[in-house]
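Structure, as structure tokens:
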Amino acid sequence: MAFVSGFQRLLRHSHSHFTSIRFNSTLTSPKLFVSGLSRLTTDEKLTEAFSPFGQLMEAKVIIDRASGRSKGFAFVSYATVEEAEKAREGMNAKFLDGWVIFVDPAKPREPRPPPQAESQAPQTGFTVNKTVGWCG
DNA sequence: CCTGAGCGA
């Protein structure tokens, strides 16, 4: 059952994945998004599968806190981009616990605020007091 | 218990 679903996913996503690997084989971040996991796959199993490719900084299966079960995807990050590259080449579209997993670059979790906020220092009450002093 | 596109308990 699980194998059939894995193959269906593999066929569905084969276009975008294999073409993106062929034409864009360079990662910009050592963070990887792993999807297609078995719901039984844990951090331990993920670490076992991804540790041969480099120094793991993080290998975390995302757990749904309502059910306490895996959501079926995970985040894996390495010390360097090169290691993440090897892991992606070595683990993408491979079997893990009976499911075909997909390894892609991860998006940044928090949208970064534009760096214009740093240029203007947040002066609060003192600015108002100076202005009042100018009046008197 | 079961589930199958996706981007963080």
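These numbers were taken from a predicted model, which means no experiment stands behind them. Residue numbers start from 1 in every chain, and the chains themselves are labelled A, B, ... in the order their sequence lines are given, proteins ahead of strands.
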To the nearest Å, how far apart are [X] [atom1] and [N] [atom2]?
| X | N | atom1 | atom2 | result |
| --- | --- | --- | --- | --- |
| Ile101(A) | dC7(B) | CD1 | P | 18 Å |
| Arg39(A) | dA5(B) | CZ | P | 10 Å |
| Asp64(A) | dT3(B) | CG | P | 15 Å |
| Phe102(A) | dA5(B) | CZ | C1' | 11 Å |
| Ile63(A) | dT3(B) | CD1 | C1' | 15 Å |
| Arg65(A) | dA9(B) | CZ | P | 7 Å |
| Leu40(A) | dT3(B) | CG | P | 10 Å |
| Asp104(A) | dG8(B) | CG | P | 15 Å |

Task: Qualifying residues under side chain to side chain donor-acceptor pair (under 3.5 Å), relative to Lys86(A), sequence neighbours excluded - done: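 With neighbours one apart ignored, the set is empty.
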TODO: For Phe75(A) and for Ser67(A), locate the closest nucleotide of DNA chain B by heavy-atom distance; then report the residue assigned to the nucleotide nearer the 5' terminus.
DONE: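 Comparing both residues, the 5'-ward one is Ser67(A).
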Open item on the list: Let me spell it out: for each of Ser38(A) and Ile62(A), pick the nucleotide of DNA chain B with the closest heavy atom. Which residue's pick is nearer the 5' end?
Closed with: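 Per heavy-atom nearest nucleotide, the more 5' residue is Ser38(A).
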How long is the straight-line distance from [atom2] of [Y] back to [atom1] of [X], given to the nearest 0.5 Å?
| X | Y | atom1 | atom2 | value |
| --- | --- | --- | --- | --- |
| Lys71(A) | Ser35(A) | NZ | OG | 14.0 Å |
| Asp97(A) | Thr41(A) | CG | OG1 | 3.5 Å |
| Thr42(A) | Glu48(A) | OG1 | CD | 8.0 Å |

- [ ] With the side chain counted from C-beta on, respond yes when Leu46(A) and Leu37(A) share a heavy-atom pair under 4.5 Å apart, and no when they do not.
- [x]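 Answer yes - side chains close enough.
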Task: Contacting residues from residues 42-57 of chain A, given that a heavy atom lies under 4.0 angstrom of DNA chain B - done: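 Residues of residues 42-57 of chain A that come under 4.0 Å of DNA chain B do not exist, since none gets that close.
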Task: Among Phe73(A), Phe102(A), Phe50(A), the one residue meeting side chain to side chain contact (heavy atoms under 4.5 Å, CB included) with Val34(A) - done: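 When Phe73(A), Phe102(A), Phe50(A) are each tested with Val34(A), the side chain to side chain contact (heavy atoms under 4.5 Å, CB included) holds only for Phe50(A).
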Open item on the list: For dG6(B), is there a stacking contact with Phe73(A), counting only centres under 5.5 Å and planes under 30°?
Closed with: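 No.
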- [ ] Answer yes or no: side-chain N or O of Lys31(A) and base N or O of dG8(B) forming a donor-acceptor pair under 3.5 Å.
- [x]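 Yes, the side chain and the base share a sub-3.5 Å donor-acceptor pair.
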- [ ] Indicate yes or no for a side-chain donor-acceptor contact from Arg69(A) to the backbone of Ile63(A) under 3.5 Å, with no hydrogens or angles considered.
- [x]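 Answer holds: no.
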Open item on the list: Does dT3(B) have its OP1 or OP2 closer than 4.0 Å to a side-chain nitrogen or oxygen of Arg69(A)?
Closed with: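 No, no such contact exists.
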- [ ] Compare the minimum distances between each of dA9(B), dC7(B), dG4(B) and the side chain of Trp99(A), then state the nucleotide with the smallest one.
- [x]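 Closest nucleotide among those given: dG4(B).
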